[in-house]
K.L.:
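Submitted below is the structure of interest, expressed as structure tokens.
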Amino acid sequence: MSATLAAEAEAAEDAARLRQTIRWAHMLDEAYTDHEERGRTAQELAEAQRQAEADAEQVRILREQLLREHPELAAYVQGQT
């Protein structure tokens, strides 16, 4: 009978270790996922910033071109900036 109890106790310990291993694996998966999402978000923010800077530069170039072609608009444009 004691051999049966020892085997059951060992099986229970194995099951507990397995549950703990599974919990750790889930926590690691969540941590990796969170890290990846934060990295992706940072990349997206950096790309949005680059795009905003490129858009601002394009607006500046177009404004300069417009003023060269239509100098009479200079007073209006200066009031807008």
K.L.:
More than 12 non-hydrogen atoms from neighbouring residues, nucleotides or ligands closer than 6.0 Å to CD on Glu10, yes or no?
P.N.:
no

K.L.:
Say you draw a straight line from CD of Glu47 to CZ of Arg40; how long is it, rounded to the nearest 0.5 Å?
P.N.:
15.0 Å

K.L.:
Quick one: CG on Leu73 to CZ on Arg68, what's the gap to the nearest 0.5 Å?
P.N.:
13.5 Å

K.L.:
To the nearest 0.5 Å, how far apart are CD in Gln65 and NE2 in His70?
P.N.:
9.0 Å

K.L.:
Would you say that Leu18 contacts Asp14 through its side chain, given a criterion of any heavy-atom pair below 4.5 Å between the two side chains?
P.N.:
no

K.L.:
Rounded to the nearest 0.5 Å, what's the gap from NE2 on His26 to OG1 on Thr21? Could you check?
P.N.:
11.0 Å

K.L.:
Hydrogens and angles aside, do Arg23 and Gln20 bring a side-chain donor and acceptor to less than 3.5 Å of each other?
P.N.:
yes

K.L.:
Let me confirm one number: the CZ-CG distance from Arg60 to Asp55, rounded to the nearest 0.5 Å.
P.N.:
13.5 Å

K.L.:
Look up atom CD1 in Ile61 and atom CG in Leu66, then write down how far apart they are to the nearest 0.5 Å.
P.N.:
13.5 Å

K.L.:
Going by atom types only, do Glu53 and Gln49 share a side-chain donor-acceptor pair under 3.5 Å?
P.N.:
yes

